[in-house]
Every structure is written in structure tokens, then in C-alpha cells.
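Here is how names work: the chains are called A, B, and so on, in the same order as the sequence lines, proteins then strands, and each is numbered from 1.
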Number of protein chains: 2
Amino acid sequence: MRRNGLADTRPRRPTLETVAARAKVSRATVSRVVNGDAAVSPEVRESVLRAVKELGYVPNAAARSLATRRTDTVALVLSIPRQDDALTAAVVQYVTSVLEGAGKRIILMLADTSESHRRIAGHVEARLADGVVLLPTDGADPLAERLARTDAPLVLLGRPAINSLVPYVDADNAGGAAAATEHLLRQGRRRIGLICGPTHLVAVQDRMAGHRDALQRAGLLPHVSLADDTAGSGAAALARLLADERRLDAVLATSDHLAIGALRGAAEAGRRVPDDLAVVGFGDIEAAAYTTPALTTVRTSPTEQAMAVARLMLSRLEGRHTTPVVLPARLVTRSSA
Amino acid sequence: MRRNGLADTRPRRPTLETVAARAKVSRATVSRVVNGDAAVSPEVRESVLRAVKELGYVPNAAARSLATRRTDTVALVLSIPRQDDALTAAVVQYVTSVLEGAGKRIILMLADTSESHRRIAGHVEARLADGVVLLPTDGADPLAERLARTDAPLVLLGRPAINSLVPYVDADNAGGAAAATEHLLRQGRRRIGLICGPTHLVAVQDRMAGHRDALQRAGLLPHVSLADDTAGSGAAALARLLADERRLDAVLATSDHLAIGALRGAAEAGRRVPDDLAVVGFGDIEAAAYTTPALTTVRTSPTEQAMAVARLMLSRLEGRHTTPVVLPARLVTRSSA
DNA sequence: CTGTTAGCGCGTTCAC
DNA sequence: GTGAACGCGCTAACAG
């Protein structure tokens, strides 16, 4: 059948057989040479390699995959739209780079709709990939469990909502939020608000927990205001916090976008930052360095997470056992707190 | 052979033959049903579909590709590291989304080293992809020409350095720079400097040309200072411009990062922006909205470019003829000019 | 060390 | 409308 209207007029490329004929050996021998099998005499190998070069022979990936029942391919499943673009970009870059270096290929898939979830599972079952790297998806995410059942190696970015044996890489969200909170406490701040982003995200939940625990250790109670992940909702959330507690002297936001909104909200409410009100963000996006005052925030190293994901997948492909990786989150102190 | 230490203990998935046996028809009939061939009686089709569902049959992609000599796959070649991350992100998202919607798969490749160029060409020749989307690569870039010779449909992001028949998508870099320059001229600015990023990039060359032409139409001569694409080099470039021409009253930078550096340089030189010195950037990165003063800049719509690239590739895959697409660039006026 | 042979799973004529 | 048979290009087990 022909799905498009194009006649396949492309000249056929040389095959193993072509090369074998030229080098006057059998297909099997050519295959051995091409795949680096040691059991070939130097002279024969030499003449085969010459034939390969002269003909410009490149092995057909589909045929090889069919015969080996391997694909040498890893699926990278992105959830777009997302907020943490720097992390996504780093993963795309490093996972591809590391796995290409190991002779693997990357096939990209988007998990935006539930229909796409079905398709992704289907692709894995169609043996399009030997392994799957899954970036955080919104919601209760049955995709991870579904993929875990396909017996293809699976590595997650971000701690899964429900505990499982699937290895994952994550930033120390709780630790980072705790460090930020302790920084505020050391400054003598005692009425600290929390502006938190989409609460269905595990990362946000972890940041909330870290903040709450740090406050608790100091014998304080949290003041929480919910938001999504836009600057506008951050400003609104700050306004609500100020209405509840006029003497608020600090806020931690679970993302930089929210914190930037809080900076704006503080200006609108006539509070000086950091004198009247300290503001701390989370994520260290590029814009955080350019706000006035420059934003103090928690940095989570997208690059390190991306490389850890890549290494974890490589280990899994080689059949090694793996455990979760949690990378440190560090407070970057600028002017806002 | 076995390249990794893993025994393939995975249970075999059902094949066409399995389904055929279950539905009590021949393989050929199942194939017809699966591929939507009309010439099958409704009852038979129904029973085949039932067998497919019961067995959870998914066609093996490699086998199909081997038989059809098609891959239903498009290679997306990224050049990382790059500056224009928003554009890369948009392309990854939209190209994947649009092509997946058309039943294609995306294979991701990195063109960072010259060795990777070789590998990419090899992948295309190995019939891993039916088409290639190529993002701008650094330097004189023989990769585009090399790929053009593989007779696989090729679409470029960004005008190629040398003219060719390969379809491409680009922003109107020259037009955007001209618009920015004319905006400055309308403000009565007459001593306008240009801080320009890596000059080997075609996009930067086009922005320089647009600026020069607009000045020329006003009977003015350009003041050019070279930089890379960092804020630091932007600040240094501004310092050089001011040393050459103390009465400089405006600068256009070929990127927002350079413009942000120019803002800093202006502050260090004691010039007020925009009163003493107007500053205009290019690209409208997120941070541009958060600088003080907020940066006036040229926006080039990554989203539209990405969608245009996706549509162009789809057209090419369907054998239709295509022509380059150049998308408008619009000045976003904020406070810095 | 090398060649022969038998699949891998699917699409596609060509008869029926 | 349906089935039998061949080929896609490669790997792998087995002889020799």
C-alpha cells in the first residue's frame, strides 16, 4: 500500500548482499565485520571495509531491529505545556547527548492529551523503543504505571505521586524550601506567608512540606495562599495574605513566576522589599536576576538532573539496578530577602 | 549477537499470524483490516478487529518499515548549545505535536560536533527518517547541503547562508531591525550605535543589514561594535561605542542579552535610559519584561515559526511543492526606548 | 575463521 | 472478497 501519493523512485541503497558480492564473501561475514565481531581474519575484514566504503553502505535500521528484536532507541516523553522550560530543555539536550554517545537514538513523544497517553503506550508496545524517560505529567498520571507494565526500562523525572520501584531523579524540593524558610527565620522574620503554585504537582507539594516542617521546627504556623503559576495569581495571592495578616514580614513562593508577581503585589501594597517584606522564589529562572530588587531564590540545577536521568537510563538499559537520585537545591541570595 | 548482558526474556507479542489464527482468516486479511483497506467484508473486519483488541495486537514498526520502505519518522536536528532557547522549545513542541497528529514519529538528533554531522547523515541514509527538520547550526554548515543530497525532504529553520532550493522558515530579521531603527529615528535619535552578536549567524547578519539600510534611508551612518551573545560583552561593547562617540543617544542590540548588558553598561557610564540613551533589544526573551527600565525589543514569534516549520514538513512529505516562509517581526515598545 | 540456512513480522502481488 | 507465496535486509545458530 502507499499512504502518500509519492512513488518511491529513490535508488535502492546497497545491502549486505551487495557488499558481500563486491568483497567476494558471504553476507554473514560482512555482518560480522560491520558489527565488530572479532572472529574475522584481518585481510577479509580489510577487504570488506573497503567494499563498505566504496559502496557507501549503511545498514538498514529496520531490518536490523527486526532481526535483533532490539531498537537501540529510547523514548523521551515530554509533557507540554509546562512551566519549567529550563529543565525540559536541559533534559532534551543531555539525555539526547549522553544516549547518542552510547549509540542509542531518541524518539520524542508528547504526552499532552489522554489520547496521546494511549499512543505512547502503543509505541512502546510496537517495539519502537527499548526504554522510556518520562517527564512529569500533570495530574494523577496513570501513564507511568501503564508504562511500568510494558517491561521496558523506565526512568522518571520528578518523584512519582505514588511510591513505586521505578527509579526517578528529582531535586530536593523539600530541602530547598526548608533552607529558604530557615534563611528568613535567621533574618528574624516571624510572620511568613507561602504562595504555592498548582498544588496537584508533586514538586509543589514537596516544597510546601519542606516549608511547613521548617516553620514547625521554629514553633511557627504557616500562612498559605493558593495560586496557579502566573505572576498575576502571585500578586493576588500576596494581596490575600496581607489582608489576613497585615504584619506579614516575608513570603516564600513555590516558583519564581509567583515570586515575581509577589514583588509586583508588594509594590502595589506599598511595602518595600526587602525592608518591609522579604520575598523568596523557587527555581532561579533567568528573569529572577533582572527583577528589582533581584530575586532571592532556590536553584535546582536542571543540568545535573538531566545528566542524572541520562545516566540512570543508561544503567537500566545495561540491566543494572538503580535507585532514585535526589539532587541538592541551593539558596541563591540576591536582594529580595 | 547480544550487545548488552540482558537475556531477552520478554514474552513475545502477538503478530499478524496470531491474530489471523484467532479470527480464522489469513494474515493478508488482517493486514488489510489493520491498514484500513476497504476491500474487506464488514463481518470479517469486525471479527478481525475483535481479535486485535482481545490480543492487544500492535503492529511491529520495524517489520512494517522493512516491508514498506517507509519509516513514518521525521528527524529533528537541534544545534545545542544555542541562545534562542524559546525558539528551540517551540519547535520541539509544535513540530512534534503537528507531525504526531499526522501519524509521524519524531527522532531527535544533536548536531553539536562534526562527528555528529556524520552520524546524522548516516541515520538518514539508514532510512531512520523520511524527512529532516534542521535547526540553525553554527558556522558555514555543510550539514544542510549534505542532507539535501540524501533526497529526503528537508526543511530548515532560519535562512541558509547560501541560497538553495531547500524550503526554510525564518523571522523577518532585517525588517524587525529596520522597524526598531526607524522607531529610534522617529524619536529624534541621530547617533545610533549597533551592538551585534555572533556575526557568523545569518540571523545576526540580517539584523545588521536591516539596521544599516534603515539608517542609510535616513542619510546616517552606522556605529558598529562587535560582541558575542552575553550581557558582559554587551556592556563592554557599549563602553566602546561611548568611547568612540560620546554623544551617542541610542543603541540597538541584535539580542536581548546584549541589550541587557547595554542597560548595565549605561548605568555604569552614568547615562539615564531612555532619557540620555535609548536601548532596544531583539527577541523579547522573558527577562526583557523585568529589567529596569523594561526593555523595548523586537518580537519574532517562536510559536508561529515552529508551526510553519511543521506545516512545511508535512507538505514536503506529501510531495507538495513549498516555498520559504518569512514571518513578521514586531517592535514591542516598553520603557527603554 | 567462514558459509549456509532459517527466521524476524509485515505488505503485496497474483490467483482463486 | 480472500488466501498462498514471496521479498524487504539483517542476524544468529549451526556446520564445516
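- Taking the side chain as every heavy atom from C-beta outward, B/Val133 and B/Leu135 approach each other to under 4.5 Å.
- Side-chain N/O atoms of A/Ser31 include one lying less than 4.0 angstrom from OP1 or OP2 on D/dT11.
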Strictly under 4.0 angstrom, non-hydrogen atoms only: write out the protein contact profile of nucleotides 3-9 of chain C, one letter per nucleotide from the 5' end, B, S or -. BBBBBBB
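- In this structure, CG of B/Leu128 is placed 15 Å from P of D/dG9, rounded to the nearest angstrom.
- In this structure, B/Asp72 atom CG and C/dG11 atom C1' are separated by 13 Å, rounded to whole Å.
- Remark: P of C/dC1 and CG of A/Asp37 are 10 Å apart, rounded to the nearest angstrom.
- Distance CG (A/Asn35) to C1' (C/dT2): 16 Å, rounded to an integer number of Å.
- Side chains of A/Asp130 and A/Val74 form no contact here, defined as non-hydrogen atoms less than 4.5 Å apart.
- Within the 4.5 Å cutoff, no side-chain heavy atoms of B/Leu76 are placed close to those of B/Met109.
- With sequence neighbours excluded, the residues forming a salt bridge (charged side-chain N to carboxylate O under 4.0 Å, His left out) with A/Glu17 are A/Arg27, listed by chain and number.
- The side-chain hydrogen bond (donor to acceptor under 3.5 Å, both in side chains) analysis of residues 36-53 of chain A, with sequence neighbours excluded, yields no pairs.
- Rounded to whole Å, the distance from CD on A/Glu43 to C1' on C/dT2 is 13 Å.
- At least one donor-acceptor pair under 3.5 Å links the side chain of B/Arg105 to the backbone N or O of B/Thr71.
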